[in-house]
Amino acid sequence: MLKKVYTALSVITGLGLMTTAAFADGLDSLPPDQKQLYELVDPAIPLGGTPLKDFVAKRPPPWKIGYASTYAGNTWRAQILTELNEVLLPKYKEAGLVSELVVTQSDLKDATQIQQMRQMVDDGVDAIIICCSNVTAINQTIEYAHSKGVPVFSFSGYVTSPYAINATENNTQGGYTAAKWLAEEIGGKGNVLTVSGIPGFASSDSFNVGAKKAFDEYKDITVVGDVAGKWTDQVAQVEVQKFLATNPTEIAGILVQSASENGVVNAVQQSGRDMMPIVLGGEASAACYWRNNPDFISQSFHFWPPRADARLVWDVMMRTLQGQGPKIQSILRPALPYTIDDVKEAIPEDCDPNSTAWIEPKGDAWWPADVAAQYFERPEDPLAWRPKK
């Protein structure tokens, strides 16, 4: 989720969002039900075909994988690492497909991530996963990796290099979905506070573009403020507390970008105001409040479920290494709703209001196997695949 916004995003206003009619090649190769998921997108996301469709791994498995992360400071990032290290790596090691996972953190510094990625390539990794990177700053490094036979896969965000595959959530669609729901939840009128991620970073800004489009459809809704929660509960709590303390106006609802909704819930409780509808993303801590107050909201959404996001990019990477042939450069997933019944099933009544866990989509709902097959020319079960002798 953490990467600087592409320059083109600054010119997006109102309805200036591209539709499927503007794209060709990669997107046109998808079936109609999947193409519909691209009707509302950040226009900077590349949606054409990819040279990795004909990729052949430079050596047989087991493969050495690099994960060049940009940040490790919130619950979302912690869940990603847990899924990679404790679930996916052991499973694919046992299958003889992966030998090791090399992890680096760049602390939001582009130059550091570039150096770490080049070192991974020079040290012989077979593929690199990147998270939340600047959409253009590492393009030359991605090209360098490609020249050495190392494909790059970006998740929870995108890069514009033609030599990378983006496997990520559709943030603009997610923002629109969240704002549309909140507007209806508060009766189509009232003051709304928005809590962004990191302004100027693509995931945050793309989400807000979609949200603005939805709010603009309601003439009686006014966005009275926007604070930067930085996808971190502690930060969001402080910023929302300051806003509520200095702005006595009534707030009908709050639109929040995960992972900071628990901080927002805490801030409202400590403000002495009545609780209003708040968009929840997936943090189990905030869901615990909902679990104990079932009339709080009517539903919530998975925008970027961390473990499911990790499985998505891993699956896309493995299929590409196996020569299955991705059809499109950017594979986008839509926001998925969930209900209080799903919360009750996921966490107990005596749930932990300070939990660092997340509620995830059930099973493979984020990236179903039958859907995955539609994004590849020669689809196979990546765990069952073996190199031809």
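Residues take their numbers from the sequence shown, with the count starting at 1.
- Using a cut-off of 4.0 Å between Lys/Arg side-chain N and Asp/Glu carboxylate O, Arg118 and Asp122 are scored as not salt-bridged.
- Using modelled atom types, one side-chain atom of Ser271 and one backbone atom of Arg273 make a donor-acceptor pair closer than 3.5 Å.
- Of all non-hydrogen atoms in Phe301 and Gln299, the two that sit nearest each other are CZ-NE2, 3.4 Å.
- At least one donor-acceptor pair under 3.5 Å links the side chain of Asn170 to the backbone N or O of Leu37.
- Taking both residues in full, the closest heavy atoms of Asn171 and Ser203 are given as ND2-OG, 3.4 Å, listed atom of the first, atom of the second, then distance.
- When all heavy atoms are compared, the tightest approach of Leu88 to Ala310 is CD1-O, 3.8 Å.
- Glu169 and Ser156 form a side-chain donor-acceptor contact under 3.5 Å, judged by distance and modelled atom types alone.
- Here Arg311 does not pair with Asp364 in a salt bridge; the nearest charged N to carboxylate O distance is not below 4.0 Å.
- No donor-acceptor distance shorter than 3.5 angstrom exists from the side chain of Thr50 to the backbone of Gln329, with no hydrogens or angles considered.
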Go through the steps to decide whether Arg307 and Ile80 satisfy the test side chain to side chain contact (heavy atoms under 4.5 Å, CB included), and finish with yes or no.
CA-CA 5 Å; Arg307 287 177 176 263; Ile80 288 288; over 6 Å; no
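- Remark: the backbone N or O of Ile297 is paired with a side-chain donor or acceptor of Trp290 at under 3.5 angstrom.
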Tell me, with the steps shown, if Leu193 and Asp226 meet side chain to side chain contact (heavy atoms under 4.5 Å, CB included).
CA-CA 6 Å; Leu193 172 66; Asp226 177 71; 5.8 Å; no
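- Trp358 and Thr75 form a side-chain donor-acceptor contact under 3.5 Å, judged by distance and modelled atom types alone.
- Atom CZ of Phe153 is separated from atom CE of Met318 by 9.5 Å, given to the nearest 0.5 angstrom.
- When only modelled atom types and interatomic distance are considered, Thr112 and Gln115 share no side-chain donor-acceptor pair under 3.5 Å.
- Put simply, CZ on Phe155 and CG on Leu312 are 9.0 Å apart, with the number rounded to the nearest 0.5 Å.
- Take Trp366 and apply the ring-ring contact (aromatic ring centres under 6.0 Å, His included) test, not counting sequence neighbours, and it matches no residue.
- A donor-acceptor pair under 3.5 Å is absent between the side-chain atoms of Gln79 and the main chain of Pro306, judged by distance alone.
- Using a 4.0 Å cut-off between charged nitrogen and carboxylate oxygen, Glu184 and Lys180 do not count as a salt-bridge pair.
- Side-chain atoms of Gln105 and Thr70 include no donor-acceptor pair closer than 3.5 Å.
- Summarising the geometry of Thr194 relative to Val223, their closest heavy-atom pair is CG2-CG1, 4.0 Å, with the distance given to 0.1 Å.
- Lys230 and Glu239 are not joined by a salt bridge, as no carboxylate oxygen comes within less than 4.0 angstrom of a charged side-chain nitrogen.
- Asp42 and Ser206 share a donor-acceptor pair across their side chains, judged by distance under 3.5 Å alone.
- Between Asp309 and Arg333, none of the side-chain N atoms (NZ, or NE/NH1/NH2) sits under 4.0 Å from a carboxylate O, so this pair counts as no salt bridge.
- Relative orientation of the Phe207 and Phe303 rings is perpendicular, given thresholds of 30° and 60° on the angle between their planes.
- Separation of atoms CD (Gln34) and NZ (Lys327) is listed at 10.0 Å; rounding is to 0.5 Å.
- By the rule that hydrophobic residues join a cluster once side-chain heavy atoms approach within less than 4.5 Å of another member, Phe243 and Met276 end up as members of one cluster.
- Remark: Lys93 does not engage Glu100 in a salt bridge, criterion side-chain N to carboxylate O under 4.0 Å.
- For the residue pair Asn208/Gln257, the side-chain donor-acceptor check at 3.5 Å is satisfied.
- At least one donor-acceptor pair under 3.5 Å links the side chain of Tyr38 to the backbone N or O of Leu332.
- With Lys213 contributing its side chain and Gly175 its backbone, the two residues share no donor-acceptor pair below 3.5 Å.
- For Trp314 and Tyr67, the ring centers sit 6.0 Å or farther from each other.
- With no hydrogens or angles considered, a side-chain donor-acceptor pair links Arg77 and Ser69 at under 3.5 Å.
- When all heavy atoms of Gly188 and Asp220 are compared, the pair lying nearest together is O-CB, 3.6 Å.
- Atom CD of residue Gln116 and atom CD1 of residue Ile128 lie 10.5 Å apart, to the nearest 0.5 angstrom.
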Show, in sequence, the C-alpha distance, side-chain angles and deciding distance for Gln113 and Leu108, and conclude whether the side chain to side chain contact (heavy atoms under 4.5 Å, CB included) test is met.
CA-CA 8 Å; Gln113 188 180 29; Leu108 303 181; over 6 Å; no
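- Atom-to-atom distance recorded for Lys189:NZ and Ile221:CD1 is 11.0 Å, nearest 0.5 angstrom.
- Val150 and Val98 fall into different hydrophobic clusters, where Ile, Leu, Val, Met, Phe, Trp and Tyr residues are linked whenever their side-chain heavy atoms come under 4.5 Å apart, directly or through other members.
- Gln173 and Thr177 form a side-chain donor-acceptor contact under 3.5 Å, judged by distance and modelled atom types alone.
- A donor-acceptor contact shorter than 3.5 Å is absent between the side chain of Ser154 and the backbone of Asn166.
- Put simply, Trp231 and Ile254 are part of the same group of oily side chains (I, L, V, M, F, W, Y) that touch within less than 4.5 Å, one to the next.
- Ring geometry for Phe296 against Tyr289 counts as perpendicular: the plane angle is over 60°, on a 0 to 90° scale with 30° as the lower cut.
- A donor-acceptor pair shorter than 3.5 Å cannot be found between the side chains of Gln324 and Arg378.
- Rounded to the nearest 0.5 Å, atoms SG (Cys351) and NZ (Lys344) are 11.5 Å apart.
- Side-chain N/O atoms of Asn354 and Ser285 include no donor and acceptor closer than 3.5 Å.
- No donor-acceptor distance shorter than 3.5 angstrom exists from the side chain of Asn293 to the backbone of Asp295, with no hydrogens or angles considered.
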Step by step, would you call Val265 with Met275 a side chain to side chain contact (heavy atoms under 4.5 Å, CB included)?
CA-CA 8 Å; Val265 169; Met275 186 61 70; 4.0 Å; yes
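- Side-chain contact of Asp233 with Ser260: a donor-acceptor pair under 3.5 Å is absent, judged by distance alone.
- Aromatic rings of Tyr176 and Trp181 (six-membered ring for Trp) have centroids beyond the 6.0 Å cut-off, not under it.
- Taking the side chain as every heavy atom from C-beta outward, Pro61 and Pro387 approach each other to under 4.5 Å.
- Heavy-atom minimum distance, Val256 versus Val279: CB-O, 3.6 Å.
- Put simply, the side chain of Asn74 never gets that close to the backbone of Thr232: no donor and acceptor are under 3.5 Å apart.
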